[in-house]
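Take a look at the structure below.
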Protein chains: 2
Amino acid sequence: MEIKVLRNVMIKNNSVGKDNRELFINKKVFVANLVSSPGAGKTTLLENSISSLAAKYKVGVIEGDLYTSRDAERLEKFNIPIVQINTEGGCHLDARMVRGAINELNIDNVDVLFIENVGNLVCPSSFDLGEHKRILVYSITEGEDKPKKYSTMFSTADVVIINKVDLSKACKINIDQVENEIRSINKKALILKVSALEPNSLREWLLWLEGEIERVKKS
Amino acid sequence: MEIKVLRNVMIKNNSVGKDNRELFINKKVFVANLVSSPGAGKTTLLENSISSLAAKYKVGVIEGDLYTSRDAERLEKFNIPIVQINTEGGCHLDARMVRGAINELNIDNVDVLFIENVGNLVCPSSFDLGEHKRILVYSITEGEDKPKKYSTMFSTADVVIINKVDLSKACKINIDQVENEIRSINKKALILKVSALEPNSLREWLLWLEGEIERVKKS
């Protein structure tokens, strides 16, 4: 019975996710779903990405969190449309929540929509929100062994951003080993190494984003 | 329907959790449920705790992980009973899984049982495993804002171990602020500051553990 209900939930989610994706394609909005453990640096990455992108593109954000709106408050300074979803203890965003949030945003006026998921390296991996790309932010402070341990998340990511690389020595972490572990789980993902606090380290990420935004605009 | 099934799951879990607790009390085994985000340092804490405790007490471990047995392998050197639970993608341990693992361990021959939960700051908070105490390991690299964001986990912890305090300067994290945030969510928890890699920083934690083990032995 539990399994049957879970399967129904997934079928419903995937159906709404598909509808969301069609809407995003029709409206020519590039959508990125940011996933990670708690505190891996999704919001900091967003802050320093938006501050660079906002001059050229219209940015929108959907913020997912269990209870607070702290991340949304950190992005208020950009004066962009932000919708907060509070899951009230729920461990992931689903496609229906995102659908509700889209109705609050005027996506006719958005080129790129970032969805910041709940900080959780397990559950969000199973829920398609309709995004174009899934971006996994992985802090090197979490250790080398996590790709194999959280393999669903690592195998379903389109981009893996290895964050906080400036802390690798202090944490005694071998970044090459981290990269090899990720590659062993996911042969295709783009792997980038950044320190999200340092805007200079984000150049390759921002170039990739611009490429994707332009590709969706012209499609 | 989803909610009804979820409630049934929780009632069943709590009932088995209660049975587990009665068994642990009868057998005079002190049981600690270790929870955290991925990579916060549960296994390292266990390694350096067991190496100190094993001379005096009989230690057992139940290791929870989605797919791998890497954490269990790290503890093999202690030559203690370890049972690995793989949740196959599941986001938390439940009381029934623990019950099954207990049947594999000879707990008549154990003074202290550590249960290392799946690395996830959301879902494990709702599942009573029958433990005496819930220990939350929180890495300061995750930032100051997590206690309010993951308030169910922080409010249900008996002990909060702030780990990796040696990285606070490199991460620009104010440990006093972290402690205040935890205290605002949980007035009663014991809060300890450690660097799990440094055995010297674990003295207060080990003293607390010994006190709990002795209390359960004498009850």
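So that the names make sense, note that chain A is the first sequence line, chain B the second, and so on, each numbered from 1.
Of the listed residues (G90(B), A40(B), S126(B), G119(B)), the greatest number of heavy-atom pairs within a distance under 4.5 Å of chain A belongs to G119(B). Contact count against chain A (heavy-atom pairs under 4.5 Å) is highest for S37(B) among G143(B), G41(B), S37(B). Annotation: maximal heavy-atom pairing with chain A below 4.5 Å, among N86(B), L121(B), D65(B), occurs at D65(B).
Within a 6.0 Å radius of CD in E204(A), other residues, nucleotides and ligands contribute 12 heavy atoms or fewer.
Only the side chain of K146(A) comes within contact range of chain B, with heavy atoms under 4.5 Å apart.
Applying the ring pair (Phe, Tyr, Trp, His ring centres under 6.0 Å) test to pairs two or more places apart or on separate chains, those with a residue in residues 149-198 of chain B are Y138(B)-F154(B).
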Donor-acceptor contacts, no H, no angles, side chain residues 75-84 of chain A, under 3.5 Å, sequence neighbours left out:
from: K77(A); atom 1: NZ; to: E47(A); atom 2: OE2; distance (Å): 2.7
from: Q84(A); atom 1: NE2; to: E63(A); atom 2: O; distance (Å): 3.2
from: Q84(A); atom 1: NE2; to: T68(A); atom 2: O; distance (Å): 3.4

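Expressed to the nearest 0.5 Å, how far CE of M153(A) lies from CG of L66(B) amounts to 10.5 Å. With values rounded to the nearest 0.5 angstrom, K149(A) atom NZ is found 3.0 Å from D71(B) atom CG. Here SG of C123(A) is found 5.5 Å from CG of N120(B). Values are rounded to the nearest 0.5 Å. Summarising the geometry, atom OG1 belonging to T141(B) is positioned 9.0 Å from atom CD1 belonging to I140(A); distances are rounded to the nearest 0.5 Å.
A salt bridge does not link E142(B) to K164(A): none of the charged side-chain nitrogens sits closer than 4.0 Å to a carboxylate oxygen.
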Decide yes or no on salt bridge (charged side-chain N to carboxylate O under 4.0 Å, His left out) for R70(B) and E181(A), but give the supporting numbers first. CA-CA 13 Å; R70(B) 287 195 169 189; E181(A) 291 272 335; 3.3 Å; yes

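Here the shortest heavy-atom pairing between V122(B) and G89(A) reads CG1-O, 3.5 Å.
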